[in-house]
Amino acid sequence: MPSLGGDLDAGTLVEWRVKPGDAVKRGDVVAVIESDKGAIEVECWEAGTVEALLVAPPAKVPVGTPLARIRGEEAAAPPPVPTGRSPATAAPPPAAPPRVPAAAQGPPRGRVLASPGARRLARERGVDLAAVAGSGPGGAVTREDVERSAASAPAAPSPLPAPEGAKRTAGLRRAIGAAMARSKREIPHYYLSTRIDMTRGLAWLAAMNKSRPVEERLLPIALFVRAVARAAVEVPEMNGFFIDGVFRPSERVHVGVAVSLRGGGLVAPALHDADRRSPAETMRALADLIGRARAGTLRSSELSDPTITVTSLGDQGVDTVTGVIHPPQVALVGFGRVSEQAWAEGGTVSGRPSVVATLSADHRASDGHRGGLFLAAIDRRLRSPEEP
Amino acid sequence: VTKDEIRRTVLRLLGEVAPEVEFASILPDLDLRAQVDLDSFDLLRLLVKLKEVLRVDVPEGDYRQLRTLNQAVDYLADRVPA
């Protein structure tokens with residue numbers, strides 16, 4: 001069971017998407033778990049062949065528990081010796097030995113094609129998706145199929161219902177509270193703010209958007225995320241994790257994007273390698289990430305590995321966001337709304353669109369001087385969005 | 001396509017973006033974003049859906065002409081291809 005972002009300590013395995021004998025490679029989705037952050041697709045960490053599924057769904061499993069045994073590619077030739085030791089697992093090294101005996105293994109289920117809406121409905125109605133004939137594209141199960149199936153058969157009580165609605169929101173609220181309390185208890189925050197002239201940034205966006213169909217248009221947040229990612233390359237003390245009393249900078253920049261959920265609560269999944277994406281690529285990735293965060297279908301790596309976080313509350317009319325760092329990260333940048341303000345330059349005052357960027361940073365990893373350089377780098381990037 | 005059909009389409013697509021919305025409570029001449037919790041991503045999604053269904057691509061410069069439900073219906077009614 002992979003880390004679910006440091007604030008959740010368990011998830012419910014609901015579906016296997018592989019079976020023993022299947023070949024897998026790093027990044028493949030092998031299972032689906034339910035958590036207070038929605039459904040999460042568990043990615044494989046290793047390449048090899050699935051040898052055994054160690055947990056039968058549905059089952060609530062603590063983070064760190066091995067879910068499956070995968071035989072590595074190089075060790076593929078000899079038949080496995082049942083020593084009880086796993087050559088490789090689909091999860092990070094376990095904190096405790098596997099708690100699920102082999103006898104508890106259920107029959108592995110193949111992947112059932114279904115829309116997120118249909119999956120949700122199926123859980124609500126206690127319908128087994130595998131038993132529903134799909135009428136959608138590629139035989140996918142649709143909401144209507146689930147409705148029909150639920151209407152024709154008495155709903156079987158689900159042995160372990162996944163968290164839904166109010167219950168999930170309450171669970172997520174507890175998780176956020178625990179992470180934020182830990183942050184305020186452990187992280188000596190310092191805060192720096194600067195107002196950034198967005199005249200050129202907005203003009204550049206408007207020019208880009210003029211020639212683009214609506215589905216390809218960019219929003220200012222794409223520039224914010226990219227500016228933060230590029231600035232994090234210049235000032236690496238803002239990017240990484242503080243673990244076991246030591247700051248470990250990250251070579252890659254995975255920007256966590258705070259996404260509010262319609263039912264309440266918030267998740268901050270990672271936009272991977274945000275420093276290497278063009279503004280258009282950033283926007284496409286953001287739209288995909290935010291859409292999946294709200295639909296409740298994130299991937300495990302997106303929850304476990306953001307190296308710095310961006311939060312933007314401009315749409316709510318907020319001027320400044322002084323955020324709380326998400327441990328074990330060491331920095332968070334908050335953006336308020338882009339609004340026209342009186343701006344004095346060269347002895348004259350004019351109205352200009354501007355935005356306040358606020359850095360919350362961990363004093364164990366950096367000082368205000370470096371934080372100031374980081375904000376200056378963000379400022380420079382936003383003033384020259386065409387800069388690669 | 002009648003204005004009534006366009007209005008129903010707009011509301012249906014709005015419901016896909018913001019499922020918690022109660023259509024009956026929307027005042028058609030009041031700013032939509034003052035009544036429905038829509039961020040800029042939600043609005044963009046709504047515009048993409050409108051384009052898919054009604055085949056009207058609203059240029060960015062025209063966004064302010066669709067602030068209320070009635071404005072949006074009028075704007076789209078003028079541009080929906082026959």
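Numbers restart at 1 for each chain; the letters A, B, ... are given by sequence-line order, proteins then strands.
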Answer with side chain, backbone, both or neither: which region of [X] has an atom nearer than 4.5 Å to a non-hydrogen atom of chain A?
X: B/Leu50; result: neither
X: B/Arg33; result: side chain
X: B/Glu60; result: both

Please check this pair: side chain of B/Asp57 against backbone of A/Pro213, looking for a donor-acceptor N/O pair closer than 3.5 Å. no
Contact origin within [X] toward chain B - heavy atom pairs under 4.5 Å:
X: A/Arg217; answer: both
X: A/Leu286; answer: both
X: A/Leu313; answer: neither

Should the heavy atoms of other residues, nucleotides or ligands under 6.0 Å from CD of A/Glu386 be counted, would the total exceed 12? yes
Gap separating the CZ atom of A/Arg262 from the CG atom of B/Asp39, nearest 0.5 angstrom: 7.0 Å
Value rounded to 0.5 Å, distance of CG in A/Asp315 from CG in B/Asp42: 8.5 Å
A/Val259 and B/Phe41, any side-chain heavy atoms less than 4.5 Å apart: no
